[in-house]
Visitor: 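Below is a structure I'd like to ask you about.
What you see below is based on every heavy atom in this structure, not just the backbone, and it leaves out hydrogens, waters and symmetry mates.
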Amino acid sequence: MVGVFCSSKRPEYWDGLYQSLSQNKEEFNLCVVGPNPPIHDLPKNFKYIKSNVKPAQCCFIAANNVDGDLLYHVGDDVTFDSGILDTLSDIMKSHPKNVLAT
């Protein structure tokens with residue numbers, strides 16, 4: 001499982017991010033922390049936490065509220081190609097001593 005997290009004040013971008021992450025075999029959960037609530041109902045593997053702190057503090061909160069063997073920090077306005085989490089997981093499994101950063 002991959003835990004994906006970000007800070008965000010733009011809920012209009014969340015659906016695109018979530019849909020791009022959904023195009024994977026690897027299970028994931030997503031946590032977004034920021035001041036503005038979602039504009040749509042969220043799937044059960046998507047958590048929103050309201051906070052008015054700075055973006056770096058939001059990321060810390062979000063990272064501590066996801067589960068996974070891998071944690072992945074993303075921007076709220078990012079969309080990924082199909083299979084990105086599968087590729088990330090495969091790389092980390094084949095090189096367990098390496099660390100990936102974005």
Visitor: Drop me the distance from Asn24's CG to Phe80's CZ, to the nearest 0.5 angstrom.
Guide: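 So the gap between those two atoms works out to 9.5 Å.
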
Visitor: Sort and list the pairs that fulfil salt bridge (Lys or Arg N to Asp or Glu O under 4.0 Å) and have at least one residue in residues 35-50, not counting sequence neighbours.
Guide: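 Output for this query is empty, none listed.
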
Visitor: Which pairs of donor and acceptor atoms, one on a side chain in residues 1-9, lie under 3.5 Å apart (sequence neighbours left out)?
Guide:
unit_1	atom_1	unit_2	atom_2	d
Ser8	OG	Arg10	N	3.0
Ser8	OG	Trp14	NE1	2.8
Ser8	OG	Asp76	OD2	2.6

Visitor: Answer yes or no: is there a donor N or O on one side and an acceptor on the other, between the side chain of Tyr48 and the main chain of Gly34, under 3.5 Å?
Guide: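 Yes.
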
Visitor: Taking atom CD as the centre, does Glu27 end up with more than 12 heavy-atom neighbours from other residues, nucleotides or ligands that are less than 6.0 angstrom away?
Guide: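 Counting neighbours around CD of Glu27, 12 or fewer heavy atoms of other residues, nucleotides or ligands fall under 6.0 Å, so no.
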
Visitor: Sort and list the pairs that fulfil side-chain hydrogen bond (donor to acceptor under 3.5 Å, both in side chains) and have at least one residue in residues 56-67, not counting sequence neighbours.
Guide: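 side-chain hydrogen bond (donor to acceptor under 3.5 Å, both in side chains) check on residues 56-67 returns no pairs.
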
Visitor: What closest approach, in Å, do Val66 and Cys31 show between heavy atoms, and which atom pair accounts for it?
Guide: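 Taking every non-hydrogen atom into account, CG1-CB, 3.4 Å.
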
Visitor: How far apart are the closest heavy atoms of Leu71 and Ala63, and which atoms are they?
Guide: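 Of all heavy-atom pairs spanning Leu71 and Ala63, the closest is CD1-O, 4.3 Å.
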
Visitor: Should side-chain heavy atoms under 4.5 Å link Ile, Leu, Val, Met, Phe, Trp and Tyr, which residues sit in the same cluster as Ile39?
Guide: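 Ile39 shares its hydrophobic cluster with no other residue.
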
Visitor: Kindly list each side-chain donor-acceptor pair under 3.5 angstrom involving residues 81-88, sequence neighbours excluded, with atom names and distances?
Guide:
unit_1	atom_1	unit_2	atom_2	d
Ser82	OG	Gln23	O	3.3
Asp86	OD1	Lys25	N	3.0
Asp86	OD1	Glu26	N	2.7
Asp86	OD2	Lys25	N	3.0
Thr87	OG1	Gly83	O	3.2

Visitor: Running the 4.5 Å side-chain criterion over Ile, Leu, Val, Met, Phe, Trp and Tyr, what cluster does Ile61 land in, apart from itself?
Guide: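 Listed partners: Val33, Ile49, Val53.
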
Visitor: If two hydrophobic side chains count as joined below 4.5 Å and joins carry through other members, does Leu42 share a cluster with Leu30?
Guide: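 Linked within one cluster.
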
Visitor: Treat each ILVMFWY residue as a node, draw an edge where side-chain heavy atoms are under 4.5 Å apart, and state whether Phe60 and Leu70 are in one component.
Guide: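 No: no chain of side-chain contacts under 4.5 Å links Phe60 to Leu70.
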
Visitor: Which residue pairs pass the ring pair (Phe, Tyr, Trp, His ring centres under 6.0 Å) test with at least one member in residues 15-35, sequence neighbours excluded?
Guide: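 Ring pair (Phe, Tyr, Trp, His ring centres under 6.0 Å) check on residues 15-35 returns Tyr18-Phe28, Tyr18-Phe46.
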
